[in-house]
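Accompanying notes for the structure given below.
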2 protein chains.
Amino acid sequence: MVTIKDLAKHTGVSVTTVSRALNGYSDVNENTRKKIMEAARLLNYSPNTLARSLVMKKSKTIGMLISGFLRESVKDNFLMDVMAGVHDFAAQTDYDIVIFNTNSSKQREKTYAQLCKERQVDGVIIQGIRTDDPYLLEIVEGDIPCVLVDIPLIGKWAGYVSTDNIAGASQVANYLADQGHRSIGMINGHDFAFVSQERFTGFQKTLNKRGITFDSSRVENGNFSEQGGAEAALRLLEKDPTITAVFCASDLMAIGAMNALTSKGIRIPEDISIVGYDDILLSRYVRPALTTVSQDTHGLGSAAAKMLINMLDHEGQPQQATVPHEFIERSSSKRLNR
Amino acid sequence: MVTIKDLAKHTGVSVTTVSRALNGYSDVNENTRKKIMEAARLLNYSPNTLARSLVMKKSKTIGMLISGFLRESVKDNFLMDVMAGVHDFAAQTDYDIVIFNTNSSKQREKTYAQLCKERQVDGVIIQGIRTDDPYLLEIVEGDIPCVLVDIPLIGKWAGYVSTDNIAGASQVANYLADQGHRSIGMINGHDFAFVSQERFTGFQKTLNKRGITFDSSRVENGNFSEQGGAEAALRLLEKDPTITAVFCASDLMAIGAMNALTSKGIRIPEDISIVGYDDILLSRYVRPALTTVSQDTHGLGSAAAKMLINMLDHEGQPQQATVPHEFIERSSSKRLNR
DNA sequence: TTGAAAGCGCTAACAC
DNA sequence: GTGTTAGCGCTTTCAA
C-alpha cells in the first residue's frame with residue numbers, strides 16, 4: 001500500500017506538504033505540487049479514507065437502514081425505488097452509502113444508533129420500520145442526523161420526507177363517492193405504520209363529510225402483504241356483503257384482494273371496485289389494471305438524501321419535505337350502476 | 001464519543017486490558033473483565049470500527065459495484081434480487097456492504113480498483129458491467145478479492161457466479177424445435193455481455209443440431225431494454241416475415257417485442273411465439289404470460305457473497321459457481337399448426 | 001494477568 | 001512555503 005509517507009520520501013518533502021498538496025491547499029508551491037501529483041500518479045497512490053475519517057471525524061458515509069430487504073419483498077418495488085433515489089442523489093456528492101439490514105439476527109441485538117456509531121456514518125436514512133420499533137425513538141432523539149421516510153417525526157437531528165397520505169386517501173374517498181359508492185370498505189396495513197393511520201384518517205374524514213357511513217368497523221388489516229390483502233378482503237365481505245368498493249392501503253394488498261375476490265366469482269370492477277395505493281410496477285400489468293394513488297417514490301429517496309446531506313454539509317435544519325402524489329384511474333374501479 | 005480510554009480511566013486499568021477484555025481474550029481476569037463490561041454498558045460505549053480497521057487492515061466491508069442502478073431499471077428486478085441475495089448472506093456474517101455506483105459522473109473518473117482501495121473494502125462483488133468496460137480487467141487482475149456476477153473470468157483473486165446460459169438457451173431451442181418451429185429469430189442484448197454471447201451460442205448450436213437454419217443474420221440486438229426489444233422485433237420481422245418464433249435474451253426485451261408485434265396486429269402466440277429469459281416478476285403478469293427461463297437470481301447474489309466471504313475469511317480459492325435455472329412454459333408460445 | 005509504548009495513514013496546529 | 005509534532009481510537013508486541 002502506497003501512503004503519503006511514500007510520496008514524501010519519493011519527492012523529498014514532508015508528509016504535511018504532501019497532504020496539503022493533495023488536498024488542494026493554496027499555500028504550496030506550484031512546482032512542489034506538480035512533483036507530488038506526478039509521484040502520486042507514478043506510484044498509483046490512493047488516499048486511505050479510513051485514516052482520513054478517523055482524524056477528521058467524518059466518514060463521508062451515510063447509512064441506509066432498511067427493513068424488509070427480503071427475498072419476498074421483490075414484488076414491491078417501493079424499496080428499490082427509494083434506494084435508487086437516495087443513490088442517484090448521493091452519487092452527485094462525495095458521500096457513499098452503507099446498507100444496514102434491520103432484519104438480520106446479528107444486528108437485531110444492536111440498536112440502530114449503535115450500528116451508526118460503530119460504522120461512524122455521518123447520518124442515516126431510515127425506511128420501512130414500524131412505529132413501535134423499540135429502537136426508533138432512540139435514534140430520532142439521539143444526536144445522529146437522520147431522515148425518516150414516511151414516518152413523520154422531527155427531532156433536533158431528525159427530519160422526514162413523505163407524501164401527503166391524508167390528501168391522497170381523501171382523493172380516493174371523493175372519487176368513490178363521486179362514482180356513487182355508498183357501502184365502502186378499507187383494507188389497511190397495520191396499526192404501527194404512520195401511513196396506515198393517515199390513509200385511514202383522510203379516507204374516513206372525507207367519506208363522512210360526503211355523508212357516507214364509514215368507521216373503523218369497516219376496516220380490516222392486511223399487513224401490507226398480498227396474502228394478507230386476500231384474507232382481509234374475504235373478512236370484509238363476510239362482515240358486510242353489500243360492499244361495492246374497497247380501498248386498499250397498498251397495491252400489493254389490492255392485488256391480493258382482487259385475486260381472492262375473483263376466485264370467489266366476484267367480478268372486478270362490475271361487482272366491486274378496488275383502489276390501491278403506491279402505484280407499484282405491477283399495478284399497470286395486472287388485469288384489471290389497478291386504480292391507485294401514485295407516489296414519486298424515487299423522489300422520496302432523493303429528497304431524503306438531499307435533506308440529510310444538506311444537514312451534514314450546510315448545517316441545514318432537519319425539516320419536513322413532501323413529495324407529490326397523483327390519483328390514477330385505471331380499470332379496477334367504475335361508477336356504480338344500481 | 002466514549003473510547004476505550006474512557007473505559008480505562010473509569011475502571012482504573014490500561015487501554016490494553018480494556019481492548020483485550022472487549023475482544024474476549026482469555027488472558028484477562030474475570031473480575032476485571034466484568035468491571036470493564038459493566039463500564040462499557042454504563043457509558044454506552046461503541047467500538048469505533050474505523051480505528052480498528054485502520055490498524056487491523058481489514059474493514060469487514062464488502063463493496064457492491066453496480067451498474068444501472070437507475071430510475072429506469074426498476075422494471076427489471078434482477079438487480080434488486082441479486083442485491084437482496086448478497087445482503088441476506090452477508091447479514092449472517094460480520095460484513096457490511098457499501099454500494100459503489102458506476103454510473104455516477106463523480107466515480108467515472110476513478111477506476112473500480114481505486115474506489116475499492118480508497119474505501120478499503122476487503123472485497124467486492126461486481127454486477128452488470130459490460131465486458132468492454134475499461135476498468136474491468138484492472139480489477140480482475142488486481143489484488144482485490146472479487147466475485148463477478150455473470151461474467152466468466154477467473155483470476156488469482158477473482159471468481160464468478162452465473163447460471164448455465166448455454167444450457168438454458170439450448171433448452172429453449174429444443175422446445176421451439178419440438179413445437180414445430182423452423183423459422184426462428186433471436187433478439188439479443190448487446191455484444192459486450194457474456195450472457196448474450198452464451199445465449200446465442202447455446203441457441204444456435206442446438207438449433208443447427210436439430211437441422212434448423214439459424215445464424216447471426218437472424219439476430220437483432222435490443223440492448224436489454226424494453227424499447228430496444230420492440231425495435232428489434234420490428235427489424236427482425238421486416239427482414240424475414242416468415243418468422244414464427246422469437247427467442248429474446250431478456251424478459252424485458254420480450255415484453256417490448258410483444259407490445260410492438262401486438263400493435264402491428266400480430267397475435268401472440270397464434271402468429272408468433274415469444275420466449276424470454278430471466279423470469280422477472282412481470283413475466284407472470286403480462287398477457288399473454290411469458291414463456292421464459294427462470295434463474296435463481298437471489299441465489300446468484302448469495303452465492304457471490306458466500307464465495308467472496310469464503311475467500312476473505314478462509315483463504316478459499318476463487319472459483320466458479322453455477323446456480324440452477326429452469327425452463328418455464330407459459331402462454332406466449334405454442335405449437336406451430338401449419 | 002497487566003501495562004507501556006509503538007504505530008496504522010492521515011490532518012492540523014504551530015513554529016520556522 | 002515548508003517541516004515538526006501531536007493525536008484521531010484502536011490493536012499488538014514486548015516486558016514486567
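We use all heavy atoms of the structure for the numbers below, so side chains are in, but hydrogens, waters and symmetry mates are not. Proteins get letters first, then strands, A, B, ... in listed order; numbering begins at 1 in each.
Nearest to the side-chain atoms of Arg20(B) among the listed nucleotides dC10(D), dT13(D), dG9(C) stands dT13(D). The side chain of Asn23(B) has dT11(D) as its nearest neighbour among dC10(D), dT11(D), dT11(C). Comparing atom distances between the Lys5(A) side chain and each of dC8(D), dG9(D), dC8(C) picks out dC8(C) as nearest. Comparing dT2(D), dG9(D), dG3(C) by their nearest atom to the side chain of Thr17(A) picks out dT2(D). With distances taken from any side-chain atom of Met56(A) to the nucleotides dA12(C), dC10(D), dT12(D), the minimum falls on dA12(C). Residue Thr16(B) places its side chain closer to dA5(C) than to any other of dG9(C), dA5(C), dT2(C).
A distance-only check finds a donor-acceptor pair linking the side chain of Ser53(B) to the backbone of Thr49(B) [under 3.5 Å]. Remark: the backbone N or O of Gly85(A) is not paired with any side-chain donor or acceptor of Asp88(A) at under 3.5 angstrom. Side chain of Thr11(A) to backbone of Ile36(A): no donor-acceptor contact under 3.5 angstrom is found.
Nearest-nucleotide positions on DNA chain C for Tyr25(A) and Ser14(B) put Ser14(B) closer to the 5' end. Each of Met1(A) and Val15(B) lies near DNA chain C, and the nucleotide nearest Val15(B) is the one positioned closer to the 5' end.
The only member of Lys35(A), Lys34(A), Arg41(A) that meets salt bridge (Lys or Arg N to Asp or Glu O under 4.0 Å) when paired with Glu38(A) is Arg41(A).
The salt bridge (Lys or Arg N to Asp or Glu O under 4.0 Å) check on Glu118(B) picks up Lys110(B), with sequence neighbours excluded.
Among the atoms of the strands shown, only primed sugar atoms or phosphate atoms (P, OP1, OP2) are found under 4.0 Å from some heavy atom of Asn29(B). Among the heavy atoms of the strands lying under 4.0 Å from Thr32(A) are primed sugar atoms or P, OP1, OP2 only; no base atom is included. In this structure, Asn48(A) reaches the sugar-phosphate backbone alone: every heavy-atom distance under 4.0 Å involves primed, P, OP1 or OP2 atoms, never a base.
Trp157(A) has its side chain out of reach of Ile144(A): every pair of non-hydrogen atoms, C-beta onward, lies at least 4.5 Å apart.
In this structure, Arg52(B) places its CZ atom 13 Å from C1' of dT12(D), rounding to the nearest Å. In this entry the distance linking CG of Leu54(B) with C1' of dG9(C) reads 6 Å, nearest Å. Taking atom CD1 of residue Ile36(B) and atom C1' of nucleotide dT1(C), one finds them 11 Å apart after rounding to whole Å. Going from atom CD1 of Ile4(B) over to atom P of dT2(C) covers 15 Å, rounded to whole Å. The separation between Asp27(A) atom CG and dA13(C) atom P is 13 Å, rounded to whole Å. The nearest whole Å value for the distance from the NZ atom in Lys58(A) to the P atom in dA12(C) is 10 Å. Rounded to whole Å, atom P of dG9(C) lies 8 Å from atom CG of Asp6(A). At whole-Å resolution of the value, NZ in Lys60(A) and P in dT11(C) are 13 Å apart.
With 3.5 Å as the limit, one finds no donor-acceptor pair spanning the side chains of Gln114(B) and Ser46(A).
When all heavy atoms are compared, the tightest approach of Asp6(A) to Met1(A) is OD2-O, 3.6 Å.
Comparing the start and finish of the helix from dT1(C)-dA16(D) to dC16(C)-dG1(D), five pairs each, the helix axis swings through 40°, to the nearest 10 degrees.
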